[in-house]
Structure formats: C-alpha cells, structure tokens
Amino acid sequence: VTSAISRPDRTRFEQLRPHARTSRRIVVVAFGLAIVLTAVAGSLPDAPILTLLGILLALGLGVVLRWSVHSTADLPDEQLDERLIRERDAAYLTAYQLIATVVVIMAVGLDMAVPLLERSATTEISDITRLTGALLPAIPPLALFTPSAVLAWRRKEV
Amino acid sequence: MTTASKAADEPIHNRLPVLRAERRLSRRDLADAVGVHYQTIGYLERGEYSPSLALAFRIARYFDLPVEAVFSDRPFQPMSSVVYDQRGGPA
C-alpha cells in the first residue's frame with residue numbers, strides 16, 4: 001500500500017478535501033447539477049460561455065471528488081489493499097450502470113424529440129443539431145468522474 | 001450486493017480489538033504490519049468487511065495465533081469468561 005493511500009492526511013491540498021461524509025455528498029450533488037447545467041446550457045442558443053462554465057465547474061468538482069477519495073478510483077491494484085480494490089471495482093460497476101442509464105435516456109430522448117422537432121413548421125435543422133450537440137459536453141466529465149462520485153457517496157470515513 | 005451488505009449477511013467475527021488492546025497496537029501499526037490501509041482494520045473490527053483468507057492468515061501470523069483464535073464464523077465469547085472458565089474460577 002503506497003504512502004499516498006496509507007497516509008491520506010499528508011496530501012498537498014488537504015484543506016480543499018471534503019472530510020465529512022455530508023460534505024462529500026454535497027459535492028457529489030453539486031457535480032450532478034453541474035452536469036445538468038452543462039447539458040441545458042449546451043441546448044440553449046448562443047450560450048457557449050455558460051456551457052464552458054458548466055464543463056469547467058463539472059471538471060473542478062470532479063477533481064475535488066477525486067481528492068475526497070484519495071484517487072482510489074484511478075489507482076492500480078498494486079497501490080490498494082483488498083478492501084479498497086473491492087470498493088473500487090463495485091464503484092466502477094455502479095458507475096458503468098449509471099453512465100449507461102444516462103446515455104440510454106439521452107438517446108431515447110433524442111430519438112423521441114428529433115421526429116417531433118422535424119414535424120414542427122418552425123423548427124430549423126440547427127435546432128436539432130444543437131439539441132444533439134448539447135448532450136455531448138456532459139458526457140466526458142460524467143465518464144471521467146462518476147466512479148469517484150460513487151465512491152465519495154458510499155464511503156463512510158475520511 | 002455491496003461489500004457491506006454481504007459482510008452483514010455472512011459476518012466473520014474477530015478478536016482484533018482485544019488483541020490490539022492487549023498489545024497496545026494502534027490500527028495504523030497493525031495495518032502497516034499486515035500491509036493494508038488503516039481504515040481496513042476499522043472495517044474488519046466493526047464487521048463491515050470480511051477479510052480474504054490470505055489477509056486472515058497474515059493477521060493471525062502477526063499475532064502468533066491460529067487463525068481460528070482470531071477469526072470465526074460464530075460470535076466469540078468474551079475473553080474474560082473464556083479465561084474464567086478455563087481456570088475454574090477467578091484468578
């Protein structure tokens with residue numbers, strides 16, 4: 001077990017790391033809201049700055065989530081003990097299921113929304129393109145940090 | 001099923017708190033000796049995590065005890081009552 005994991009109280013950014021379970025869960029909720037903000041902002045016309053802000057916020061909160069679980073989600077087996085490996089693997093399974101659910105909901109939503117938009121007389125092609133493109137910026141932070149978010153949500157201790 | 005709920009369904013009982021107290025070991029000391037994260041010792045002591053066979057043997061070897069003296073699938077009797085029964089009365 002590496003010193004980074006066995007001595008978690010000696011990380012460089014200790015002050016920024018959420019210690020209590022409640023504060024970790026607040027960061028997880030904020031991360032989820034940032035993802036939603038990114039998707040909504042992406043669907044709005046002429047809101048690139050808000051979209052960028054949403055992406056940056058989601059990435060920033062994702063980094064805080066990684067700190068909060070000592071990057072457990074990203075470390076190889078050699079640097080974890082058997083309990084942490086089991087926790088990490090369970091978190092990855094849940095994260096995979098969550099991401100798959102979100103992506104399927106997005107795909108089904110688009111599949112239903114696009115024909116409706118096409119039938120509308122006032123809809124332009126750019127509306128459909130924008131709606132499709134809106135969901136894409138939300139995917140990378142979701143894929144990158146959901147395992148850490150699951151771990152942060154579940155973990156009882158520091 | 002999560003690790004915690006599985007552990008709750010099939011608990012492995014242990015005497016780690018007593019053994020640590022007898023030897024005045026901190027969780028960190030024991031964790032470093034057997035090569036796990038210090039919180040894992042806490043999880044074991046609270047019955048929230050069942051160790052692998054390899055870890056159970058490492059811990060037992062560290063205390064120089066047979067594995068069944070440290071871990072059991074049945075609740076342990078309090079150490080005081082075990083000692084009292086063996087001596088047939090108070091010391």
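Source: prediction; values computed, not measured. Below, chains carry the letters A, B, ... as their sequence lines are ordered, and counting in each starts from 1.
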For the residue pair A:Glu82 and B:Leu55, establish whether any side-chain heavy-atom pair is separated by less than 4.5 Å.
yes
Kindly check if the number of other-residue, nucleotide or ligand heavy atoms within 6.0 Å of OH (A:Tyr96) is above 12?
no
Does A:Tyr92, at its OH atom, have more than 12 non-hydrogen atoms belonging to other residues, nucleotides or ligands within less than 6.0 Å?
yes
In Å and rounded to the nearest 0.5 Å, what is the [atom1] to [atom2] distance from [X] to [Y]?
X	Y	atom1	atom2	result
A:Arg83	B:Ile41	CZ	CD1	9.5 Å
A:Asp81	B:Tyr43	CG	OH	10.5 Å
B:Gln39	A:Arg155	CD	CZ	6.5 Å

[X]-[Y] co-clustered via ILVMFWY side chain contacts under 4.5 Å:
X	Y	answer
A:Leu151	A:Leu98	no
A:Val150	A:Val63	no
A:Leu65	A:Ile26	no
A:Val40	A:Val29	no
A:Leu33	A:Ile49	no

Expected contact set for residues 63-74 of chain B against chain A at heavy-atom separation under 4.5 Å reads none
